[in-house]
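To keep things clear, I will list the structure first and then write my remarks on it.
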Amino acid sequence: MFATQFPWLTTIILLPLLAAFLIPVIPDKEGKTVRWYALGVGLTTFVLTIYAFWSNYDLSNSQFQLSETYPWLPQLGVSWALAVDGLSMPLIVLSGLVTTLALLAAWKVERKPKLFYFLVLVLYSAQIGVFAAQDLLLFFLLWELELVPVYLLISIWGGKKRLYAATKFILYTAIGSIFILVSALAMAFYGDTLTFNMTELGMKNYPLSLELLAYAGFLIAFAVKLPIFPLHTWLPDAHGEASAPISMILAGVLLKMGGYGLIRMNIEMLPEAHIRFAPLLVILGVINIIYGAFTAFAQVNLKRRLAYSSISHMGFVLIGIASFSELGLNGAVLQMLSHGLIAAALFFLSGAAYERTHTLMMDEMGGMAQQMPKIFALFTAGSMASLALPGMSGFVSEITIFLGIADSDVYSNSFKIAVVLLAAVGLVLTPIYLLSMLREVFYGKNPATLKLEDYFSDANPREIFITACLLVPIIGIGLYPKLATHTYDVKTVEVASKAREAIPVLAERYDSIKSKGITSIASSALVAPQLPISSR
């Protein structure tokens, strides 16, 4: 009885936040004590998260579970409302794993260690809160809270251009976040009742014009975060200047907030508008895949190449989200989980290489495979996962998305063929730029400026452990995808069904508008995908 009533979600959100405020009183100047304290807090939060879900979460139930609601500002309809379902639960687990490993990866932080670990713990709390929030205003506040630590972590512990990268990050993401607030207020004040509860907002009967405007607002905000071309330019700069532990969190968790928001708000709450915008999402997904892959070729900075690789891989998420098929949506969620693990591993290993070479320029590296065979082997394994090698999670997620869009009956055959062929270009380009990256960094002759014998050492046990904690689930999911898919497949079936149920409704409106001689968005700009005749 205690387990069902205990506020698990509030506990795992507030534990890192409250623990962070105790860091200033810890008597430790060099950071040796505080790093153990922060790691202990992160590990405790992660263990509590696993226990709460293991003992209280029903995988066969698609509804919200572990629900908690406490009145906060009842006059405005705002409450501390938390819950998880198949969409948010695996992402919270991913957040806990990646952030805890990032704390361990930051073991050698010497500059202002108390402030560093304080900010990471606050960030840990905010990102879990974003995935668990069921009040839209609470979601917005936690979304904003997450921006401040990331800005400071890049601007203080980043590279030479850290201030430029941090400022660009905060400008893009903060301005994009305004659209979440505007859309939330428009939806909350519509109708007879004032509420920010996501479930209640999803039940309101909005006019199509309001749905389209709210959808566009959410899309802009989440497009910045995912990121979607052309709102992506902050990401390579942020990754290029951020330290490896922060890049792990940025790529492994924070980008996934964009995909999560698109499914939670844009599909679940605004299904009719999603039908109108879905073709655009598919097109943007294809652009992301091809643009990210081609641009990655031009990068000589190791982390910037990985950053553009992330942009390319997020394009598959967009295609899966807009596929209107259970398989495609299932693949989109799996791609978010898979990429979170793979990107965290690659960015951590790039940081390990930087610690030994003091450079991220690939043309200044070379011939490191002999000196660092363990790091070379780990880097190769991560790269194989990223290029979707069969037997690893990247292959399962991307092939599922391909099958999902190809199986969708909402789009015309010509449109689907074009999407599949163009997206396949990304699959061809990804191995080329990743394998060329491995060749430049680990093969060839050592540059004269790189004095390997002075400071080179291979991966230590801590680094091997961190990478193994990420590679094990990557391989495990690749060999047995149900390890991940069974946590959310019931939910993705429900979401896909809800999106499809709106098709006949919008088809009737489309025919009514067409009969009056008015040109709709779908008919004027995005005519390739056609609604099924049977649904009209």
Side-chain angles (χ1 to χ4, degrees), residues 94 97-99 101-102 104-106 159 235-236 238-256 292-293 295-297 299-314 316-317 335-357 359-362 365 368-369 372 374-389 391-395 397-398 426 429-442 459 462-475 477-478:
L94 175 68
L97 175 63
V98 172
T99 307
L101 293 176
L104 185 57
L235 183 66
H239 273 309
E241 301 302 324
S243 60
I246 306 309
S247 285
M248 289 174 65
I249 299 175
L250 186 60
V253 180
L254 301 187
L255 300 189
K256 311 307 172 287
T295 311
F297 278 109
Q299 307 306 310
V300 295
N301 183 295
L302 177 59
K303 291 181 70 177
R304 288 182 68 90
R305 177 167 292 198
L306 294 176
Y308 278 104
S309 175
S310 293
I311 294 172
S312 180
H313 284 90
M314 288 300 98
F316 289 100
V317 175
Q335 176 74 341
M336 288 193 288
L337 297 174
S338 171
H339 180 265
L341 297 168
I342 296 169
L346 288 175
F347 278 109
F348 169 70
L349 291 169
S350 66
Y354 176 78
E355 288 181 1
R356 291 159 172 82
T357 62
T359 181
L360 288 171
M361 297 297 142
M362 292 184 289
M365 300 181 181
M368 302 196 310
M372 300 190 302
K374 296 177 184 177
I375 289 182
F376 167 62
L378 296 173
F379 217 122
T380 301
S383 299
M384 293 301 107
S386 184
L387 61 80
L389 183 74
M392 293 189 170
S393 60
F395 172 79
S397 59
E398 292 182 10
L429 295 176
T430 303
I432 300 175
Y433 69 72
L434 286 176
L435 293 177
S436 65
M437 176 188 72
L438 290 175
R439 185 191 68 243
E440 287 189 62
V441 174
F442 293 101
R462 176 180 61 89
E463 293 169 331
I464 295 174
F465 174 78
I466 292 172
T467 312
C469 287
L470 296 167
L471 289 178
V472 167
I474 289 171
I475 297 173
I477 294 172

Task: Shortest non-hydrogen contact between Arg305 and Ala296, atoms and distance - done: NE-O, 3.0 Å
- [ ] Output the distance between atom CE (Met362) and atom CG (Asn301), rounded to the nearest 0.5 Å.
- [x] 7.5 Å
Open item on the list: With side chain to side chain contact (heavy atoms under 4.5 Å, CB included) as the test, pick out the partner of Ser397 among Met392, His339, Met336, Gln335.
Closed with: Gln335
Open item on the list: For the CG atom of Leu470 and the CZ atom of Phe465, what is their distance to the nearest 0.5 Å?
Closed with: 10.0 Å
Task: Sub-4.5 Å side-chain heavy-atom contact between Met437 and Leu306 - done: yes
Open item on the list: Are the side chains of Thr359 and Met365 in contact, using a 4.5 Å heavy-atom criterion?
Closed with: yes
Task: Residue list, side-chain hydrogen bond (donor to acceptor under 3.5 Å, both in side chains) with Ser350, at least two apart or on another chain - done: none
TODO: Say whether Arg304 and Gln299, considering side chains only, have a donor N or O and an acceptor N or O under 3.5 Å apart.
DONE: yes
- [ ] Please list, chain by chain and in numerical order, all residues satisfying side-chain hydrogen bond (donor to acceptor under 3.5 Å, both in side chains) with Glu440, sequence neighbours excluded.
- [x] none
- [ ] For the pair Arg462 (side chain) and Leu104 (backbone), establish whether a donor and an acceptor sit closer than 3.5 Å, ignoring hydrogens and angles.
- [x] yes
- [ ] Kindly compute the distance separating CG (Leu378) from CD1 (Ile464), expressed to the nearest 0.5 Å.
- [x] 6.5 Å
Task: Sequence-distant partners of Phe297, ring pair (Phe, Tyr, Trp, His ring centres under 6.0 Å), two or more places apart - done: Tyr433
Task: Close side-chain approach of Ser386 to Leu346, heavy-atom, < 4.5 Å - done: yes
Task: Residues which pass side-chain hydrogen bond (donor to acceptor under 3.5 Å, both in side chains) with His313, listed by chain and number, not counting sequence neighbours - done: Ser309
Atom pairs and distances, side-chain donor-acceptor, residues 240-254, under 3.5 Å, sequence neighbours left out:
residue	atom	partner	partner atom	Å
Glu241	OE1	Lys160	N	3.2
Glu241	OE1	Lys161	N	3.1
Ser247	OG	His239	ND1	3.3
Ser247	OG	Lys303	NZ	3.0

Open item on the list: When you compare the side chain of Phe442 with that of Ile375, does any pair of heavy atoms fall below 4.5 Å?
Closed with: yes
Task: Heavy-atom side-chain contact between Ser393 and Ile342 under 4.5 Å - done: yes
Task: Heavy-atom donor-acceptor pair, Thr295 side chain to Gly292 backbone, under 3.5 Å - done: no
Task: Heavy-atom side-chain proximity of Leu97 to Leu341 below 4.5 angstrom - done: yes
Open item on the list: Taking the side chain as everything from C-beta on, heavy atoms only, tell me whether Pro473 gets closer than 4.5 Å to Leu337.
Closed with: no
Open item on the list: I'd like to know if the side chain of Ser383 reaches the main chain of Phe379, judged simply by a donor and an acceptor atom lying under 3.5 Å from each other, with no hydrogens or angles considered.
Closed with: yes
- [ ] For residues Phe347 and Ser310, determine if any side-chain heavy atom of one lies less than 4.5 Å from a side-chain heavy atom of the other.
- [x] yes
TODO: Test Leu435 against Leu387 for side-chain contact (heavy atoms from CB on, under 4.5 Å), laying out the working first.
DONE: CA-CA 9 Å; Leu435 293 177; Leu387 61 80; 4.3 Å; yes
TODO: State which residues pass side-chain hydrogen bond (donor to acceptor under 3.5 Å, both in side chains) with Tyr354; sequence neighbours excluded, sorted by chain then number.
DONE: none
Task: Distance, nearest 0.5 Å, that separates CG of Leu349 from CD1 of Ile466 - done: 9.5 Å
Task: Considering all heavy atoms, the nearest Val98-Ala344 contact - done: CG1-CB, 4.2 Å
